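Here the structure comes first, spelled out in structure tokens, and everything after it is commentary.
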Amino acid sequence: NDIGKRFGEKPVIFYGNDQTMRYVSRPRDELSRYFRFLMHASDVLTICSEKDRFSEVAEKLSVRYPESLVVQGKLDKPALERMRPPFVIKPDLTRDLGNIAAIAEVRTQKALMASSVDDAVQIVERLIKEGISLIIQELIPGGESNIFSYHTFNDEHYEPLGEFAGQKVRTYPLFGGRSTCLKLVNDPEVLSVGRKIATDLQIAGPLKLDFKRSVASGELYLLEANPR
């Protein structure tokens, strides 16, 4: 706040990761006296940031979402056995990505793949010892280039001030890695579905949605939402 008081007009705050987003969210009423920023309601931030809760929201929004299993402290193996491998295993919270990187072949990897139930059990049991929550999802058929993203910045009336869609070209490593090359695309379905989700969630501020288009069915699945 002392910084904000030094300026003749309110400077703008942009939050680029989960940590700064939560830091701004907690004292938002006080900060808004000295800074300009748009931010979603606290419950929207929580729902989007915690992948286990967002699966319920996706169902209410009638959006396709991979079959998922939340692991908090103990793995429900019978539930896992009812799912179809291969699986994607990732942390529930972004702050725990370091635990994935610690056992991955490449430290920039954000998710792990398990080709069978037994493989998934071994990976999960190793990770839950670190005390983190995990999400296990059925892998949507297709490579990383089948992953698309929707980016928007909405006003206080939940209308987009600017939006675009992107498509991954390359990642490192090839599975579950960080993007090393992507391109902007004019994909009507990604833009339309992304816009509807942002409106239904009453997004005010930035939002990034990740989708994957199945090479088997051509259907678009929502993978996750980042309200920043």
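The analysis underlying the following values was restricted to heavy atoms, covering all of them including side chains, and did not include hydrogens, waters or symmetry mates. Because the structure is predicted, anything quoted here is derived from the model rather than measured.
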Which distance, rounded to the nearest 0.5 Å, do you find between the CZ of R170 and the OG of S145? 11.0 Å

Between S25 and R28, do the side chains contain an N or O donor and an N or O acceptor separated by less than 3.5 Å? yes

How many angstroms lie between atom CZ of R195 and atom OH of Y150, to the nearest 0.5 angstrom? 5.5 Å

So, for L38 and F153, which heavy atoms are closest and what is the spacing to 0.1 Å? CD1-CE2, 3.7 Å

Does K212 use its side chain to pair, donor to acceptor, with the backbone of G142 at less than 3.5 Å? yes

Working note: V70 + L134, criterion side-chain contact (heavy atoms from CB on, under 4.5 Å); need CA distance, chi angles, decisive distance, verdict. CA-CA 6 Å; V70 180; L134 300 167; over 6 Å; no

Are I13 and Y34 connected, step by step, through hydrophobic side chains (Ile, Leu, Val, Met, Phe, Trp, Tyr) whose heavy atoms are closer than 4.5 Å? yes

Intermediate values then yes/no, side-chain contact (heavy atoms from CB on, under 4.5 Å), L69 and L75: CA-CA 9 Å; L69 176 64; L75 173 64; 4.0 Å; yes

Decide whether V215 and L220 are clustered together by the hydrophobic rule: side chain heavy atoms of Ile, Leu, Val, Met, Phe, Trp, Tyr closer than 4.5 Å, transitively. no

Main-chain N/O of E138 paired with E67 side-chain donor or acceptor, under 3.5 Å: no

Side-chain donor/acceptor of K74 to backbone N/O of I128, under 3.5 Å: no

D187 to F148 - nearest heavy-atom pair and separation: OD2-CE2, 3.9 Å

Which heavy atom in I136 sits nearest to a heavy atom in M83, and how many Å separate them? O-CE, 3.7 Å

How close do L207 and A225 get, heavy atom to heavy atom, and via which atoms? CD1-CB, 4.4 Å

Connected via hydrophobic side-chain network under 4.5 Å: V71 and V88: no

Give a yes or no on whether L139 and V117 share a hydrophobic cluster (residues Ile, Leu, Val, Met, Phe, Trp, Tyr; joining criterion: side-chain heavy atoms under 4.5 Å apart). no

Got a second to check how far L201's CG is from L209's CG, nearest 0.5 Å? 8.0 Å

Determine whether K110 and R178 satisfy the following criterion, side-chain contact (heavy atoms from CB on, under 4.5 Å), listing intermediate values before the conclusion. CA-CA 7 Å; K110 299 186 293 182; R178 299 184 184 275; 3.9 Å; yes

So how far is it from R36 CZ to E9 CD, rounded to the nearest 0.5 Å? 6.0 Å

Is it the case that the side chain of T171 and the backbone of P173 share a donor-acceptor pair, with hydrogens and angles ignored and the cut-off at 3.5 Å? yes

Only one of E144, E219, E189 passes salt bridge (charged side-chain N to carboxylate O under 4.0 Å, His left out) with R213; say which it is. E189

For the side chain of S214 and the backbone of I140, is there at least one donor-acceptor N/O pair under 3.5 Å apart? no

Does the pair S116 and D118 meet the rule for a side-chain hydrogen bond (donor to acceptor under 3.5 Å, both in side chains), with working shown? CA-CA 5 Å; S116 66; D118 289 341; 5.3 Å; no

To the nearest 0.5 Å, what is the distance between CZ (R228) and OG1 (T20)? 8.0 Å

Cluster overlap F37 with L161, hydrophobic side-chain contacts below 4.5 Å: no

Would you say D200's side chain and I197's backbone share a donor-acceptor pair under 3.5 angstrom? no

Of all heavy-atom pairs linking K168 and L182, the shortest is CA-CB, 4.2 Å

Atom pair CG/CZ of L80 and F87 - distance to nearest 0.5 Å: 4.5 Å

Starting from the C-alpha separation in whole Å, work towards a yes-or-no answer on side-chain contact (heavy atoms from CB on, under 4.5 Å) for V121 and K77. CA-CA 8 Å; V121 169; K77 190 175 179 181; 4.2 Å; yes

Non-hydrogen atoms of P66 and Y221 that approach each other most closely: N-CD2, 4.0 Å

